[in-house]
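Input: a single structure, listed below in C-alpha cells.
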There are 2 protein chains.
Amino acid sequence: MPVDLTPSQALGLWHAVTLQQVQGDGRDLTLRQLAILLEIYLVPPPHTVRGLAAKLGVTKPVITRALDTMGELGLVTRVRDERDRRNVIIKRTVDGALYLERLGDLIIAKGRAQPL
Amino acid sequence: MPVDLTPSQALGLWHAVTLQQVQGDGRDLTLRQLAILLEIYLVPPPHTVRGLAAKLGVTKPVITRALDTMGELGLVTRVRDERDRRNVIIKRTVDGALYLERLGDLIIAKGRAQPL
DNA sequence: CGCGAACGATACGGTAGCGTAACGAAATCG
DNA sequence: CGATTTCGTTACGCTACCGTATCGTTCGCG
C-alpha cells in the first residue's frame with residue numbers, strides 16, 4: 001500500500017518535521033548520519049563500515065566518523081567480528097531505537113496534520 | 001485530508017529520501033538551512049531575518065549565514081526593504097523553487113514505493 | 001611461511017557552521 | 001535635534017565534518 005502524496009503535502013510534511021527538529025534542541029544529526037542510522041535500523045544486519053560506505057556512496061572515513069559521533073550519543077555500538085577480525089559489526093542500541101521511534105512518531109504526527 | 005502513515009512507512013519514507021539525497025550529490029543543505037528554505041517557500045511573504053530567527057528559534061547570525069550560503073547557491077535572494085531600510089526582505093528565486101520541486105518529486109516517488 | 005589484499009582507523013589540512021559579542025545604519029521617541 | 005532602540009551583519013574562537021593519504025591488523029593465497 002503506497003503512500004500517495006500531493007506535492008503540497010510532501011513539502012508540507014518535510015517543512016513541519018524539519019521545523020520541529022530545528023526548534024527542538026540543537027542535538028541534530030547530519031543528513032549523512034541520519035541516513036546511516038536509518039540504514040542500520042531498517043535494513044537487516046549485519047552492517048559493516050565497508051558495506052555502509054558502499055550503500056551510501058561515501059568514503060569509509062565518513063562512516064567511521066559518523067559512528068564515532070553517534071556512538072558517543074549512544075545511538076549505535078561497534079563490535080569486532082570474531083569470525084573475521086578485520087571486520088567491525090555495527091550494532092543497534094536501545095537509545096538508537098528510541099531515537100528513531102520518536103522520529104517516526106514526529107513524522108506521523110505531522111503527517112496527520114497535513115491539509116488538503 | 002491527512003497523510004496517514006504507519007511507523008514503518010514513516011521511517012521507511014525518511015530512509016529512502018535521505019538515502020537518495022546522500023547518494024545524489026554532495027550539495028546537501030544543513031537541517032537548519034533546509035528548514036529556512038522551506039519556510040521561505042511555503043509560508044506567505046514577507047520574510048525577514050528577524051522573523052525567520054524567531055520562527056525557527058535560532059539566533060540571527062544563523063539566518064544570515066544560511067542566507068549567505070543559499071544565496072551563493074542561487075536558492076534565495078535578499079532585497080533591502082525601501083519602506084524601512086533597516087529590514088531585509090528575503091525573496092524566492094527560480095532555482096530555489098526548482099530545488100524544492102525536485103525534493104517534492106523525490107518524496108512523492110519514494111512515498112509511492114513504500115510497502116505495506 | 002611470506003606477500004599482497006582487505007578492512008577499519010587515523011592523520012592532516014581545509015572548510016563550514018556555531019554562539020557570543022560587538023558594530024554600523026536606520027528609524028523612533030522624547 | 002540627540003539618545004535609544006531595532007535590524008542585519010561582521011568578528012572571533014571553537015567545534016565538527018570533509019577528502020585524501022596512510023597506517024596497523026588480519027586474512028587469504030601461493
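Because the structure is predicted, anything quoted here is derived from the model rather than measured. All chains are named by letter (A, B, ...) in the order of the sequence lines, taking the proteins before the strands, and each is independently numbered beginning at 1.
For the OP1/OP2 pair of C/dA16 and a distance below 4.0 Å, the side-chain nitrogens and oxygens of B/Gln33 include no atom meeting the criterion. Look at B/Thr69 and you'll find a side-chain N or O under 4.0 angstrom from OP1 or OP2 of C/dG17.
Looking at A/Glu39 and B/His15, their side chains do bring a donor and an acceptor atom within 3.5 Å of each other.
B/His47 places no side-chain N or O within 3.5 Å of a backbone atom of B/Ile90 that could act as its donor or acceptor partner.
You can see that DNA chain D meets the heavy atoms of chain A within a 4.0 Å-exclusive cut from D/dC17 to D/dC27, reading 5' to 3'.
One interatomic measurement links the two molecules: CD1 of B/Ile36 to C1' of C/dG17, which rounds to 11 Å at whole-angstrom precision. In this entry the distance linking CG of A/Asn87 with P of C/dA9 reads 11 Å, nearest Å. Across the protein-nucleic acid pair, A/Ile90 atom CD1 and C/dC7 atom P stand 13 Å apart, rounded to whole Å. With rounding to whole Å, A/Arg32 atom CZ is found 14 Å from C/dA16 atom P.
Not a single donor-acceptor contact under 3.5 angstrom links the side-chain atoms of A/Arg65 to the base of C/dG8.
Here the closest non-hydrogen pair linking A/Pro2 and B/Arg112 is CB-O, 3.1 Å. For the residue pair A/Trp14 and B/Val17, the shortest heavy atom distance occurs at CZ2-CG1, 3.5 Å. Residues B/Gln9 and B/Asp4 come closest through the heavy atom pair OE1-O, 4.1 Å.
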Detail all sub-3.5 Å separations between protein N/O atoms and N/O atoms belonging to nucleotides 25-28 of chain C.
residue : atom : partner : partner atom : Å
C/dA27  : OP1  : B/Arg85 : N            : 3.0

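Of the residues near DNA chain D, A/Thr30 and B/Leu67, the one whose nearest nucleotide (by heavy atom distance) lies more toward the 5' end is B/Leu67.
Here A/Ile107 contributes atom CD1 and A/Arg102 contributes atom CZ; the two are 13.5 Å apart, rounded to the nearest 0.5 Å.
Under a hydrophobic-cluster definition in which Ile, Leu, Val, Met, Phe, Trp and Tyr are linked whenever side-chain heavy atoms come within less than 4.5 Å, directly or via other members, A/Leu5 and B/Leu38 are assigned to the same cluster. B/Leu31 and B/Val76 fall within a single hydrophobic cluster, where Ile, Leu, Val, Met, Phe, Trp and Tyr are joined by side-chain heavy atoms under 4.5 Å apart, directly or via other members. Following chains of ILVMFWY side-chain contacts shorter than 4.5 Å, one cannot reach A/Val88 starting from A/Met70, and the two form parts of different hydrophobic clusters.
Salt bridge status for A/Lys110 with A/Asp105: absent, with no side-chain N to carboxylate O gap under 4.0 Å.
Checking B/Leu34, B/Leu56, B/Thr30, B/Ile36 one by one against A/Val22, the side-chain contact (heavy atoms from CB on, under 4.5 Å) holds for a single residue, B/Leu56.
Across residues 39-54 of chain A, not one residue has a non-hydrogen atom less than 4.0 Å from an atom of DNA chain D.
No engagement by B/Glu72 is indicated, since no non-hydrogen atom pair under 4.0 Å with the nucleic acid exists.
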